Enquirer: 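Below is a structure I'd like to ask you about.
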Protein chains: 2
Amino acid sequence: MKIDPKSPADLSAQIAAAIRDAIVEGRLIVDQRLPSEAELSEQFEVSRPTVREALKRLAAQSLIRTQRGATGGAFVNRLSFPDAYAQQITTSTLLLSMNAVSFETACEARYALERACAPLSATRRSADHLATMRAEIHRQAQPGLTDEAFCASDVAFHRALVDGAGNPVLSYQLAGAVEAMQPLMNMITFTARDRARIVALHKDIADAAEARDGTGVTNGLSALEAETQSLAQAVFAARAAAQAPRTAD
Amino acid sequence: MKIDPKSPADLSAQIAAAIRDAIVEGRLIVDQRLPSEAELSEQFEVSRPTVREALKRLAAQSLIRTQRGATGGAFVNRLSFPDAYAQQITTSTLLLSMNAVSFETACEARYALERACAPLSATRRSADHLATMRAEIHRQAQPGLTDEAFCASDVAFHRALVDGAGNPVLSYQLAGAVEAMQPLMNMITFTARDRARIVALHKDIADAAEARDGTGVTNGLSALEAETQSLAQAVFAARAAAQAPRTAD
DNA sequence: GGACTTTAAATGTCTGACATTAAATTCGCA
DNA sequence: TGCGAATTTAATGTCAGACATTTAAAGTCC
């Protein structure tokens with residue numbers, strides 16, 4: 001592992017990249033201990049703070065973990081599914097909020113991906129997954145629920161549907177799509193009538209899942225997508241009209 | 001923004017979390033300049049190296065960028081789609097390589113997600129996307145191609161299919177699924193006969209895309225998944241037999 | 001032999017300094 | 001007055017050395 005001291009990039013970035021490559025390429029394996037900071041600073045011919053900055057970069061990506069004490073040090077971390085979920089959600093949320101992605105585009109992507117899980121979930125979902133879906137539908141029908149709580153319950157419903165597919169890789173991929181939509185969904189204010197329609201569609205999906213009817217779940221998701229899109233359009237149109245009422249003169 | 005000096009967590013991790021929250025919650029907006037390292041170290045009552053470690057953590061996630069010079073400093077970074085792609089691919093690759101995810105599970109997830117793009121891509125794909133797919137099919141049919149090059153071309157083919165959907169959020173989500181599979185695919189050695197079958201299936205998919213036949217693309221992907229799964233099973237079975245021939249005694 | 005103490009090795013943090021970069025300012029000159 | 005070159009300045013990048021803290025292992029005493 002070598003670095004180029006004349007490169008324009010930060011030394012810490014170069015060192016982090018060198019170690020990251022070693023991990024990705026399998027030269028450093030899970031739970032293996034890296035050399036101590038002092039040894040790394042000798043090896044790369046840089047100071048200890050520079051090495052530390054490099055290690056913090058890797059720690060931020062959950063690639064390593066550090067442990068203090070006599071037998072401590074930096075260890076190659078097994079990237080767990082929950083860690084990966086969290087990164088996925090953060091990245092997706094920022095991507096949507098920072099790039100002026102239209103609600104339409106995000107919504108389309110989200111439902112397209114979720115439909116990918118529908119046939120698998122209908123076949124494999126456990127009684128537990130179905131019970132979670134039913135419980136969330138029940139919660140969503142309660143009158144006093146805040147918009148935020150309604151959206152959170154919506155996310156939980158869809159999570160159960162996705163997890164029902166029994167494929168952790170799929171669940172990981174969908175985490176970003178489903179959870180990152182929540183801030184966008186929160187922007188829509190749900191009236192009682194809107195909620196009732198959504199709950200009814202959720203019930204259709206749960207019924208199809210109970211009957212192990214993959215096509216039914218897929219169609220239910222499509223209907224929900226259409227409902228969500230038209231709802232969002234109505235809200236955005238109303239907002240535009242309220243903000244610029246003079247254009248009608 | 002405050003931190004707790006008595007918390008067991010690293011100060012740099014706490015500071016990074018505080019700033020990250022400010023960005024995610026919109027209190028710091030894109031291209032806004034953060035206080036200088038000296039000011040941050042005063043504000044959080046820590047030393048400059050500690051602040052720097054926190055900033056490097058954020059830089060590793062592409063949340064900030066730094067600029068040297070008189071008007072330099074740390075700026076909130078707009079997370080670009082290419083940045084997000086790269087993170088997605090790294091995370092997905094590590095997740096698969098470190099968690100003993102079976103080929104079957106990864107393959108199922110990948111094709112399920114890709115089928116989600118099929119109808120959209122069939123409808124919206126440009127002539128360019130189709131041309132890329134045709135070009136890659138042509139490349140894949142050439143005899144002298146190494147396994148690595150064949151797999152890379154395979155990835156390029158599927159990328160074109162996914163990008164054809166014209167939804168950047170979908171492309172971003174699929175980046176991990178498609179690209180992270182490549183190392184796993186590379187583990188399979190393709191014989192001439194295997195390649196011919198795969199190329200034929202690719203051609204079916206391209207034909208369906210040309211005819212704007214979404215169902216055809218979907219079915220083509222399902223056929224390709226079945227082919228890939230049976231191919232992998234054969235390879236793994238052969239390997240197991242070669243490694244443990246005594247078990248037949 | 002078990003409980004306690006000591007030791008050592010590692011990360012976590014701080015101080016202060018210097019190097020480097022790049023924009024803003026100043027100065028000199030036409 | 002206007003413009004280009006030199007200077008200043010403010011920021012990050014890097015370094016050296018020190019001390020604090022944590023943790024496990026080695027050693028010691030009863």
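Residue numbers start from 1 in every chain, and the chains themselves are labelled A, B, ... in the order their sequence lines are given, proteins ahead of strands. These figures come from a predicted structure and were not determined experimentally.
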Enquirer: If only side-chain N and O atoms of A:Ser12 are considered, is one of them under 4.0 Å from the OP1 or OP2 phosphate oxygen of D:dG13?
Expert: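 No, no such contact exists.
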Enquirer: Starting at the 5' end of DNA chain D and moving along, which residue's nearest nucleotide shows up first, B:Pro49 or B:Gly73?
Expert: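 This one resolves to B:Gly73.
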Enquirer: Measure the distance from CD on B:Gln14 to C1' on C:dG12 and round it to the nearest whole Å.
Expert: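 Result: 12 Å.
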Enquirer: To the nearest Å, give me how far apart CD (A:Glu42) and P (C:dA10) are.
Expert: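 Result: 12 Å.
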Enquirer: Nearest to the A:Arg33 side chain among C:dA10, C:dA23, D:dT14, which nucleotide is it?
Expert: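 Shortest atom-to-atom distance from the side chain points to C:dA10.
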Enquirer: Angle between ring planes, B:Phe190 versus B:Phe150, binned at 30° and 60°: parallel, tilted or perpendicular?
Expert: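 Ring orientation, 0 to 90° scale: tilted.
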Enquirer: Which is more 5' along DNA chain D, the nucleotide nearest A:Thr71 or the one nearest B:Ser36? Just name the residue.
Expert: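 Closer to the 5' end of DNA chain D: B:Ser36.
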Enquirer: Could you tell me whether A:Glu136 and A:Arg139 make a salt bridge, using a distance below 4.0 angstrom between a side-chain N and a carboxylate O?
Expert: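 Looking at A:Glu136 and A:Arg139, the cut-off is met.
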Enquirer: Looking at B:Arg110 and B:Glu225, is there a salt bridge between them, counting it only when a charged N and a carboxylate O are closer than 4.0 Å?
Expert: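 So B:Glu225 does not pair with B:Arg110 through a salt bridge.
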Enquirer: Thinking salt bridges, do B:Asp31 and B:Arg65 make one under a 4.0 Å N-O criterion?
Expert: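 Looking at B:Asp31 and B:Arg65, the cut-off is met.
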Enquirer: When the distance from CZ of A:Arg52 to P of C:dC14 is rounded to whole Å, what number comes out?
Expert: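 My rounded result for the distance is 11 Å.
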Enquirer: Given atom CZ of B:Arg68 and atom P of D:dG13, what is their separation to the nearest angstrom?
Expert: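 About 6 Å, once rounded to whole Å.
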Enquirer: If you check every side-chain atom of A:Thr50, which of C:dA9, C:dC14, D:dT14 has the closest atom?
Expert: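 So the nucleotide nearest the side chain must be D:dT14.
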Enquirer: Between C:dA10 atom P and B:Asp10 atom CG, what is the distance in whole Å?
Expert: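 For the pair B:Asp10 CG and C:dA10 P, the rounded distance is 18 Å.
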Enquirer: Whole-Å distance between C:dA17 C1' and B:Glu37 CD?
Expert: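 Those two atoms, CD and C1', are 15 Å apart.
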Enquirer: What is the distance from CZ of A:Arg65 to C1' of C:dA10, rounded to the nearest Å?
Expert: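 Atom-to-atom, A:Arg65 to C:dA10, this comes out as 15 Å.
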Enquirer: For the pair made of CG in A:Leu11 and C1' in D:dT14, what is the distance, rounded to whole Å?
Expert: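 So the CG-C1' distance, A:Leu11 to D:dT14, works out to 8 Å.
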Enquirer: Indicate whether any N or O donor in one side chain lies under 3.5 Å from an N or O acceptor in the other, for A:Asn167 and B:Thr105.
Expert: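 There is no such pair between these side chains.
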Enquirer: Kindly indicate whether the side chain of B:Arg48 and the base of D:dG13 share any N or O donor-acceptor pair separated by less than 3.5 Å?
Expert: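 Pair found.
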